[in-house]
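To start, the structure itself, in structure tokens.
What you are looking at is a predicted structure, and each value in this text was computed from that prediction instead of being measured. Reckoned from all heavy atoms, side chains included, excluding hydrogens, waters and symmetry mates. The residues of the chain are indexed from 1 along the displayed sequence.
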Amino acid sequence: MTTSAVETRPGIGGSSSMFDRQNNLVLLAICVIFTLLSLAGIVWDITSGLLTSGLDGIMLIMICLMIGGVFSLEILLVAGDAGWIKLPNLIPPPAAAKPKPVAAAVPVAPKPATAPGPAAAVPKPAVAAPAPKPAPLVAAEPKPAAVPPKPPTQEAK
């Protein structure tokens with residue numbers, strides 16, 4: 001009975017084999033070819049005057065930039081995975097768990113005041129009193145509308 005060892009990618013923490021190195025070189029060659037073709041498309045678009053002639057030139061530039069960017073990013077990832085360059089680690093390592101301080105079960109007695117003063121005369125409560133509940137809302141009686149005063153009448157003489 002034979003056992004097979006599963007090879008993992010070097011960036012993931014497994015062992016590297018000749019097959020992985022060969023795959024990295026082939027993948028790197030493909031990415032470099034497509035990146036160079038994208039750059040050639042950008043240069044041709046600018047030198048032929050297609051860029052200034054309308055929307056076709058602008059769209060060709062955008063497509064070449066997108067394809068060149070994707071394959072350039074893949075070149076960086078392959079190089080980092082193979083260990084050729086050191087990429088920054090975006091995920092920080094987990095911090096060691098710190099033990100939480102245990103709250104004291106017995107309350108600590110307050111220290112006696114050294115000199116009597118105005119603050120020492122009023123003891124502070126150990127626990128804050130709960131806030132008083134607000135009074136229930138009662139609908140207020142409507143006030144009567146202001147009645148305009150009667151105009152003075154002239155009495156007959």
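Within the structure, ring pair (Phe, Tyr, Trp, His ring centres under 6.0 Å) contacts touching residues 37-65 (residues at least two apart or in different chains) do not occur. Listed by first then second residue, pairs satisfying ring pair (Phe, Tyr, Trp, His ring centres under 6.0 Å) with a partner in residues 57-85 read Phe34-Phe71, not counting sequence neighbours. Residue pairs meeting the ring pair (Phe, Tyr, Trp, His ring centres under 6.0 Å) criterion with at least one member in residues 48-69: none, sequence neighbours excluded.
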Just distance, no hydrogens or angles: give the donor-acceptor pairs under 3.5 Å from side chains in residues 50-62, sequence neighbours left out.
{"from": "Thr52", "atom 1": "OG1", "to": "Gly49", "atom 2": "O", "distance (Å)": "3.1"}
{"from": "Ser53", "atom 1": "OG", "to": "Leu50", "atom 2": "O", "distance (Å)": "2.9"}

Please output the side-chain donor-acceptor pairs of residues 87-97 that fall under 3.5 Å, not counting sequence neighbours, one pair per line with the distance.
{"from": "Asn89", "atom 1": "OD1", "to": "Ile91", "atom 2": "N", "distance (Å)": "3.3"}
{"from": "Asn89", "atom 1": "ND2", "to": "Ile91", "atom 2": "O", "distance (Å)": "3.1"}

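Note: Ile63 CD1 to Ile67 CD1 = 6.5 Å, rounded to the nearest 0.5 Å. Interatomic distance, CG of Leu39 versus CD1 of Ile42, reported as 5.5 Å (0.5 Å rounding). Note: Leu76 CG to Leu73 CG = 6.5 Å, rounded to the nearest 0.5 Å. In this structure, CG in Asp81 is found 12.0 Å from CG in Leu28, a value given to the nearest 0.5 Å.
Hydrophobic clustering places Leu25 together with Ile75 (ILVMFWY residues linked when any side-chain heavy atoms are closer than 4.5 Å, directly or through intermediates).
Between Ser72 and Thr35, the closest heavy-atom pair is OG-CG2, 3.5 Å. Between Ser38 and Cys64, the shortest heavy-atom contact is CB-O, 3.4 Å.
Through ILVMFWY side-chain contacts below 4.5 Å, Val70 is grouped with nothing and stands alone.
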